[in-house]
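Following: one structure in structure tokens, then a few remarks.
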Amino acid sequence: MSANRWLATGNFFATYKEEQRIFLTHLDRAVFVLFIAVLFTWPIFFELSNKYMLVINNILIAMVAIIGLNLVTGFAGLISIGHAAFVGVGAYTLASICQVIGYDHVAVTHAWPAMILLCGIVGAAFGAFAGLPALRLKHLYLAIATLSFQMIFEWVIHHTSFFNQGQTIFVGRVYWFTGQVGRSEHYFFWYYVCLVTLVLLGLSVRNLLRSRYGRCLVAVRDNDRAADAMGMSPGFTKVYAFGLAGFLAGIAGGLHAYMYRGVGIESFTLHQSIQYLAMAIVGGLGTLNGSFWGPAAIKLLDLQVENLAELAGKVLTSHLSLATALRPLTFGLVIVLFLMFEPRGIANWWRIVKSYFKLWPFRY
Amino acid sequence: MTYFLQLVVSGVVVGSIYALSALGFVLIYKSSRVLNIAHGQIIAAGAFITYALTVFLGIPIFISFLCSMVITFFLAMSVERVFLRRLIGEPIISVIMVTIGLMSILDGLIYLSPFGSNNYSFPAFLPETPLNFAGVSISWTQLVGVLITAVLISAFSWFFNRSTVGISMRAVSDDQFASMSIGISVPRVFGLAWAMAGLSAAAAGGIIGNITGLNFETLHAYGIIVFPVVILGGLDSVGGAVVAGIIMGLIQQFAAGYLDGNWGLSGTANVLPYIILLIILLFKPHGLFGTHEIERV
């Protein structure tokens, strides 16, 4: 431990416990607390239009989902091409409750935190079920298993009248202590809900990753035979990773359903799954802060692509919708270019910037 | 009984197309262990190139069919060259994710072309009246499609069993180091595997386009239905892909013929392959003919 608790240029760990700390210096902790405080206070001072508030909420929800995807793909090393389906399981849990007891039943509008938690639990159950082939198979086959889960999910939603054949199922407005959350403060309210959920889940996943179970995930990813020899059960670790990913995805689905006040299949298709994968790759697989960079980068890129398509649509006046073409094109390019030139994602840039400031004025 | 036979006939027609689509997929997997998730897009590209050559340039359909096979051959080869060549030696997960990105890119490019949003159908070049055998009918396009598929599949199996290039491809899939040591260029074989896959995908696309009409969503779906087929047949078995393709076609037709409409079910043909896929993964992951080399976790 260096003498200065605020700045540390090198590593002075004397115990493993010191190395496992989340914040290495007081400065790190202070910056983090300040950052969270800014996140909580800025909407009070700046009024943003609903359109941008929606984008920001979307980013936060995607971050929750991507933490899950990063656990399964980044930390446990299993490709999941069905993550949108797990988010969908969460959202459709809420939708089916709304179908049974009505969309403005007290349970839906007042007990919404419990509902979101329930979405997460159902998501975890489905995640663990879809991960069951992991008991016998390795990554390649698992990718196909998740893909088929995605296809089965879409089919079930499209072909059951209970789920309204994939058309929108309404979810009622929620109540807070001050009464019903109205139209004007809807996105404002859900910004805070998403933010609180994200901070809580982010911190708990950070803690999980430095526990025995988190190290288990990484050990199984790096070499499952060695992990087996050291007394871990690779199969169950993988199922467990899928369950955790399902839980986070389910929570994201519940938030999504409440924020849009409706559930429709178009948010949970294969394209969406690929967009989630793009987010995880761009952010940086196997790093927790990558799960925050990725969704922000991709969603903002998405916004720019939409603007560009609108602009180009005015100039070209062509009959085809440019947005549907440009969107997959940019996502595909982003995935491929990042994998080829920066496989460690934006999280790596963040690491470089951080070490630059840490070492300044020296080069290394 | 006639109904049953009719289902068998259409099952074999659909199944042989599946077999042809799965063939290219298996080729890439067999030589380089890469799951090509963008296969459906290559099929679609082949179909659209055939259509563009036939209708926009007015080339006779059989020649444009061959031309599109050649074009897609080089297209797939350059895809391998540009995107996958530099990833040799990287973890297989990132290679698979590159093909996911590739799928997205090709999606975008096809949406940019007029084929992304509209439906097209090939001009009829065969007799319109279907053939009839004791109540079982088969259209001329379907019959010709099945014949072309059969010819192509036997050409492919001759290529793998007899020709030097085919044997070197099999050698690479068996042991990369050993084949390098006897002078086979492994990267060239990878490129060739992608090119052959593109060729068979273009053929499949052309046949599908003639039988069902050109719609991007439908063609795209063939790239995903390939997964249940190859898992059933065994990921690295060319013969397995053919058998499993026909089995899958039959299953789909029987599901559509006997399950739909009963017990409130509909569209079962679209989901049954994936359910079968999950069951096979749980109980017999190497499929019917795959090598039993899967590591148990």
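Just the heavy atoms: all of them, side chains too, but no hydrogens, waters or symmetry mates, feed the values below. Protein chains get the first letters and strands the later ones, always in sequence-line order, with residue 1 at the start of each. This is a predicted model, so every value here is computed, not measured.
Counting heavy atoms from C-beta outward, B:Val230 and A:Ile144 have side chains that stay 4.5 Å or more apart. Counting heavy atoms from C-beta outward, A:Leu147 and B:Ile37 have side chains that stay 4.5 Å or more apart. A heavy-atom distance below 4.5 Å is found between the side chains of B:Met97 and A:Leu285. B:Val271 is not listed as a side-chain neighbour of A:His159, based on a closest heavy-atom distance of 4.5 Å or more. No side-chain heavy atom of B:Ile224 sits under 4.5 Å from any side-chain heavy atom of A:Gln150.
Distance check, rounded to the nearest 0.5 Å: CE of A:Met340 to CZ of B:Arg85 gives 13.5 Å. The line from CZ of A:Phe331 to CG of B:Asp107 is 12.5 Å long, rounded to the nearest 0.5 Å. Annotation: the span from B:Leu112 atom CG to A:Leu326 atom CG amounts to 6.0 Å, rounded to 0.5 Å. For the atom pair CE of A:Met151 and CD1 of B:Ile275, the computed distance is 12.0 Å after rounding to the nearest 0.5 Å.
If you measure heavy-atom distances from A:Leu329 to chain B, the contacts under 4.5 Å come from both the backbone and the side chain. Contact of A:His158 with chain B is not made at all, since no heavy-atom distance falls under 4.5 Å. Both the backbone and the side chain of B:Leu109 have a heavy atom closer than 4.5 Å to some heavy atom of chain A. For A:Leu270, the part lying under 4.5 angstrom from a heavy atom of chain B is the side chain only.
Counting heavy atoms of neighbouring residues, nucleotides and ligands inside a 6.0 Å radius, atom OH of A:Tyr213 does not exceed 12 of them. Remark: B:Arg81 CZ is loosely packed, at most 12 non-hydrogen atoms of other residues, nucleotides or ligands lying under 6.0 Å away. More than 12 heavy-atom neighbours from other residues, nucleotides or ligands sit within 6.0 angstrom of CZ on B:Phe254. Applying the 6.0 Å contact sphere to CZ of B:Arg170 captures more than 12 heavy atoms from other residues, nucleotides or ligands. Heavy-atom neighbours of A:Phe126 CZ from other residues, nucleotides or ligands within 6.0 Å: at or below the threshold of 12.
Scanning both residues, A:Ser148 and B:Leu277, for their nearest heavy atoms gives CB-CD2, 3.3 Å. In this structure, A:Leu339 and B:Ser94 approach most closely via the heavy-atom pair CD1-O, 3.6 Å. Closest approach of A:Leu277 to B:Ile100, counting heavy atoms only: CD1-CD1, 3.5 Å. Minimum interatomic distance between B:Leu281 and A:Ala145 (heavy atoms only, all atoms of both residues): CD1-CB, 3.6 Å. Across A:Phe341 and B:Arg86, no two heavy atoms sit closer than the pair CE2-NH1, 3.7 Å. The two atoms that bring A:Gly332 and B:Ser104 nearest to each other are CA-CB, 3.5 Å, heavy atoms only.
Contact count against chain A (heavy-atom pairs under 4.5 Å) is highest for B:Ile231 among B:Ile231, B:Leu87, B:Thr99. Interface summary for chain A: among B:Val95, B:Ile105, B:Leu35, the most heavy-atom pairs under 4.5 angstrom belong to B:Ile105.
Under the side-chain contact (heavy atoms from CB on, under 4.5 Å) criterion, B:Ser78 pairs with no residue at all, not counting sequence neighbours.
For the side chain to side chain donor-acceptor pair (under 3.5 Å) condition, the pairs that include at least one residue of residues 217-235 of chain B, sequence neighbours left out, are B:Gln41-B:His220, B:Tyr111-B:Glu217, B:Asn215-B:Thr218.
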